[in-house]
Amino acid sequence: MTDISYHEKLIKYLERYVSANKQEKIRAALEERTRAVTVVVEDIFKPHNASAVLRTCDCFGLQDVHVIENRYSYNINPYVTRGASKWVDIYRYNDEHRNNTEACYQALKEKGYKIYATSPGKHSQNIGNIESNNKIALILGSEHDGLSDYALQYADEQVHIPMVGFTESYNISVTAAICLYEILGKMKQTDFPWQLSIAEKRTLQLEWYRKIVKNAAIHERAFNKTIA
């Protein structure tokens, strides 16, 4: 029996413990889920801010969020995320012996992402002007310190959201939402394959079922006995 066949049958088995409404919601979410765009947060010292970004990413259908922890650790605030952490994959970079921003950038580059660092600097371009026909990683820093010199120097591009008021920055979750609205809105108008593959959807559906089905491990063991 192939892994694909096994996963398909296990999904069908667990589905009997998932309400019809939840099944439909998961199927709809999978159709809009993407790994073509990802968000990275670097050294966010206020956990509720990073948690708000996580919630925003889930709302826009992003599956992957990267968290760089050079100086500050990130602890999920469940009140702010409203359960978003259950549906999103979080990748942490917190090796105390290396530059974690460098490690994150290397991982993103290996996966083919073009890295856009948010910055109000003079070399920054309007977020509305960027091309969205390639994989994009959006890098966000804290409202207090912004991004590190390394994050800015080694990004492919720097981007900003135009502002006409007296304040100099948006809240980080607002920044994420505006940028993602621009990026995904454009990307979905191109021929770029932004959706998950069939195999990715199947794998993610199984992961989500395992998270929401009560005593999923027990049910899975029972299923394995039926195919032994």
Side-chain angles (χ1 to χ4, degrees), residues 1-41 50-51 53-68 74-76 78 81-94 103-104 106-114 132-138 176 180 183-184 187-188 190-228:
M1 180 181 294
T2 66
D3 287 341
I4 291 176
S5 177
Y6 174 82
H7 287 163
E8 288 175 341
K9 291 182 177 180
L10 180 55
I11 287 170
K12 288 295 184 183
Y13 186 87
L14 292 177
E15 210 161 58
R16 69 183 69 179
Y17 304 105
V18 181
S19 70
N21 180 62
K22 182 65 76 173
Q23 289 179 37
E24 179 56 33
K25 197 171 185 69
I26 286 176
R27 282 193 290 268
L30 287 170
E31 288 304 308
E32 296 295 330
R33 220 62 174 176
T34 187
R35 286 195 165 100
V37 179
T38 189
V39 162
V40 183
V41 291
S51 295
V53 171
L54 194 65
R55 180 177 172 184
T56 296
C57 289
D58 175 55
C59 288
F60 276 94
L62 271 62
Q63 186 55 36
D64 299 330
V65 176
H66 300 258
V67 180
I68 298 170
Y74 167 53
N75 296 308
I76 294 172
T81 61
R82 299 281 181 165
S85 57
K86 179 188 291 187
W87 313 110
V88 174
D89 293 331
I90 303 172
Y91 299 87
R92 294 175 180 267
Y93 303 84
N94 52 17
C104 179
Q106 181 178 344
L108 292 170
K109 287 292 188 181
E110 288 174 354
K111 293 180 179 179
Y113 286 96
K114 187 171 183 180
S132 294
N133 56 354
N134 49 261
K135 294 176 73 174
I136 291 175
L138 182 71
L180 291 176
I183 292 168
L184 287 167
M187 183 174 287
K188 291 179 181 182
T190 71
D191 294 329
F192 188 76
W194 60 271
Q195 292 175 296
L196 299 179
S197 67
I198 293 174
E200 287 177 313
K201 290 177 185 177
R202 183 186 298 111
T203 298
L204 194 54
Q205 184 179 13
L206 179 56
E207 288 179 8
W208 287 351
Y209 278 8
R210 282 170 168 160
K211 290 178 180 180
I212 66 175
V213 171
K214 188 176 181 180
N215 298 320
I218 294 174
H219 291 306
E220 192 165 341
R221 286 196 294 270
F223 166 77
N224 287 333
K225 288 179 181 179
T226 69
I227 62 173

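- Residues passing the ring pair (Phe, Tyr, Trp, His ring centres under 6.0 Å) test with Y93 are H66, sequence neighbours excluded.
- A donor-acceptor contact shorter than 3.5 Å is absent between the side chain of T34 and the backbone of L62.
- The two residues V18 and V213 have their closest heavy-atom pair at CG2-CG2, 3.6 Å.
- When atom types are taken as modelled, the side chain of K114 and the backbone of A137 share no donor-acceptor pair closer than 3.5 angstrom.
- Note that OH of Y113 is 5.5 Å distant from CG of D64, once rounded to the nearest 0.5 Å.
- In this structure, K25 has no salt bridge (Lys or Arg N to Asp or Glu O under 4.0 Å) partners at least two apart in sequence or on a different chain.
- The salt bridge (Lys or Arg N to Asp or Glu O under 4.0 Å) search around K111 returns none, not counting sequence neighbours.
- Taking the ring pair (Phe, Tyr, Trp, His ring centres under 6.0 Å) definition, one finds that W194 meets it with nothing, sequence neighbours left out.
- Residues passing the side chain to side chain donor-acceptor pair (under 3.5 Å) test with E207, sequence neighbours excluded: none.
- Take S19 and apply the side chain to side chain donor-acceptor pair (under 3.5 Å) test, not counting sequence neighbours, and it matches no residue.
- Contacts of K214 classified as salt bridge (Lys or Arg N to Asp or Glu O under 4.0 Å), with partners at least two apart in sequence or in another chain: none.
- Taking D89 as the reference, R35, Q63 meet the side chain to side chain donor-acceptor pair (under 3.5 Å) condition, with sequence neighbours excluded.
- Y13 is linked by a ring pair (Phe, Tyr, Trp, His ring centres under 6.0 Å) to F223, counting only residues two or more places apart in sequence or in another chain.
- Proximity of a side-chain donor or acceptor of T203 to a complementary backbone N or O of E200 within less than 3.5 Å is not detected.
- To the nearest 0.5 Å, atoms CZ (R27) and CD (E24) are separated by 5.0 Å.
- Counting only distance, with no hydrogens or angles, the side chain of Q23 and the backbone of E15 share a donor-acceptor pair below 3.5 Å.
- Remark: of the listed residues V39, I90, V41, V39 is the sole one forming a side chain to side chain contact (heavy atoms under 4.5 Å, CB included) with C57.
- The ring pair (Phe, Tyr, Trp, His ring centres under 6.0 Å) search around Y17 returns H219, not counting sequence neighbours.
- Considering only residues two or more places apart in sequence or on other chains, R33 meets the salt bridge (Lys or Arg N to Asp or Glu O under 4.0 Å) condition with D58.
- Taking K135 as the reference, nothing meets the side chain to side chain donor-acceptor pair (under 3.5 Å) condition, with sequence neighbours excluded.
- Between the side chain of Q205 and the backbone N or O of L30, no donor-acceptor pair lies under 3.5 Å.
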